[in-house]
Amino acid sequence: MHAADIATLLVNSLTWAMATFLVAAGLTLVFGTLHILNFSHGGFFMIGAYLAYSLAQAIGGAPSVGVYLFGSLAAGVLVALLGLVVDRLILRRLAGVDDAYVLIATYALLLVCEGSTKLIWGLNYHSVMPPSVLDGAWLIGNAVLPKLSLFIIAAGVVVFSALEYFLNRTKPGQLVKAIAADPWMARLLGVNVRLVYTATVALGFALAGLAGGLLVSNQSLSPTLASAFVIQAFGVIIVGGMGSISGAFLGAILLGFIDAVGQWVLPGLPGLPFFLAMTLILLLRPQGLMGKAKH
């Protein structure tokens, strides 16, 4: 393998990893705090992508980077508002319910998201042109580095760094971690646990919408988009350790590299290396890379 092939492999693996992490970040945050595995998360990621698409259509042509980022943030805010509705009507009722019922309820919500997407935007495939600054590629020697891929990698790193800073260096973030560890004690200390739960849900859904906006130019839009990404996101958070942001980040990088190498070695079996790697890692370390073993 030549140096250019290695560079291409690394860029492809990191692009996959950061795209998947962007989707998984909000899912991991909500699970780590509320201990609810929201299967519908991919549906709201998809809605965020379609909202960004609608904004791009309203503007016409390839948007500027500023408009692209604004559309992503706007999608995040709108999906966060949807998250508040979901929290009020559904998630609060699932607190303390058996995990099987939670998965059934949130999977039903995923189907509602897919049905709503078909009703509003139709069944046709759609695409959004990236900003002209992010179109094309840089040539470094014989290596071709797509600008959009590098942008997605940078976006994933920025979101990870921001979440880590928020959770570990700010008082609200430390409060979220404390409530996730022991909500009963937090209530005794006078903390409004419900308010923190609601804010965390809103942030988790906002991250889903933001991911949809940032990745809208990275793939075609269709009502099946949610199912494709949610499987990858679940694999990343399971391998990384349920509820661990840093675990999801490391898991995404590891699985992304394995998937990229697998596609190079076994081009006729896409996806197989991903599932084999996930199975092997969980057999060796059932709690995930950064998860805590149960005693």
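All values below come from the heavy atoms of this structure, side chains included, with hydrogens, waters and symmetry mates left out.
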For this session: Before giving the answer on salt bridge (charged side-chain N to carboxylate O under 4.0 Å, His left out), spell out for Asp135 and Lys147 the whole-Å C-alpha distance, their side-chain angles and the decisive distance to 0.1 Å.
Result: CA-CA 6 Å; Asp135 202 9; Lys147 295 179 182 179; over 6 Å; no
Between [Y] and [X], is there a side-chain heavy-atom distance shorter than 4.5 Å?
X: Gln232; Y: Leu255; value: no
X: Arg88; Y: Leu84; value: no
X: Trp121; Y: Ser54; value: yes
X: Leu225; Y: Phe45; value: yes
X: Leu37; Y: Met242; value: yes
X: Trp184; Y: Val193; value: no
X: Ser127; Y: Leu221; value: no
X: Phe229; Y: Gln219; value: yes

Exercise. Which of these passes side chain to side chain contact (heavy atoms under 4.5 Å, CB included) with Tyr197: Val30, Thr33, Asn192, Val176?
Worked result: Thr33
Can you give me the closest heavy-atom contact between [X] and [Y], atom names plus distance?
X: Ser72; Y: Gly213; answer: OG-C, 3.1 Å
X: Ser217; Y: Val128; answer: OG-O, 3.2 Å
X: Phe249; Y: Gly156; answer: CE1-O, 4.3 Å
X: Ala75; Y: Gly209; answer: CB-O, 3.6 Å
X: Val144; Y: Ala137; answer: CG1-CB, 3.7 Å
X: Ala24; Y: Ile237; answer: CB-CG2, 3.7 Å

Do [X] and [Y] sit in one hydrophobic cluster, given that two such residues count as connected whenever their side-chain heavy atoms are within less than 4.5 Å of each other, even indirectly?
X: Leu276; Y: Phe257; result: yes
X: Leu22; Y: Val157; result: yes
X: Phe151; Y: Val158; result: no
X: Val77; Y: Phe205; result: no
X: Val201; Y: Leu89; result: yes

Taking the side chain from [X] and the backbone from [Y], do they hold a donor-acceptor pair closer than 3.5 Å?
X: Ser40; Y: Leu109; result: no
X: Asp87; Y: Gly83; result: no
X: Tyr50; Y: Ile120; result: no
X: Ser244; Y: Gly241; result: no
X: Tyr68; Y: Leu214; result: yes
X: Asn12; Y: Thr8; result: yes
X: His41; Y: Ala25; result: no
X: Glu114; Y: Thr224; result: no

Exercise. Are there more than 12 heavy atoms of other residues, nucleotides or ligands under 6.0 Å from atom CZ of Phe166?
Worked result: yes
Exercise. Would you say Arg194 has more than 12 foreign heavy atoms packed within less than 6.0 Å of its CZ?
Worked result: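 Buried by this count: over 12 neighbours within 6.0 Å.
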For this session: For the pair Thr28 and Leu163, evaluate side chain to side chain contact (heavy atoms under 4.5 Å, CB included) and give the outcome as yes or no after the intermediate values.
Result: CA-CA 11 Å; Thr28 304; Leu163 281 175; over 6 Å; no
Exercise. Going through the checks in order, is the salt bridge (charged side-chain N to carboxylate O under 4.0 Å, His left out) test met by Asp182 and Lys177?
Worked result: CA-CA 9 Å; Asp182 195 340; Lys177 293 176 66 175; over 6 Å; no
Exercise. Can you check side chain to side chain contact (heavy atoms under 4.5 Å, CB included) on Ile179 and Thr200, steps first, answer last?
Worked result: CA-CA 11 Å; Ile179 290 175; Thr200 303; over 6 Å; no
Can you tell me how far apart [atom1] ([X]) and [atom2] ([Y]) are? Round to the nearest 0.5 Å.
X: Asp99; Y: Ile36; atom1: CG; atom2: CD1; result: 9.5 Å
X: Leu34; Y: Arg92; atom1: CG; atom2: CZ; result: 10.0 Å
X: Thr170; Y: Leu175; atom1: OG1; atom2: CG; result: 9.5 Å
X: Leu110; Y: Phe39; atom1: CG; atom2: CZ; result: 6.5 Å
X: Asn218; Y: Met18; atom1: CG; atom2: CE; result: 13.0 Å
X: Leu148; Y: Leu134; atom1: CG; atom2: CG; result: 6.0 Å

Problem set entry | Validation row, ring centre Trp16 to ring centre Phe274 under 6.0 Å | yes
Problem set entry | Evaluation steps, side chain to side chain contact (heavy atoms under 4.5 Å, CB included), between Val102 and Asn38 | CA-CA 8 Å; Val102 173; Asn38 179 17; over 6 Å; no
For this session: Go through the steps for Glu164 and Ser246 under the test side chain to side chain contact (heavy atoms under 4.5 Å, CB included), then give the verdict.
Result: CA-CA 8 Å; Glu164 281 292 290; Ser246 55; 4.2 Å; yes
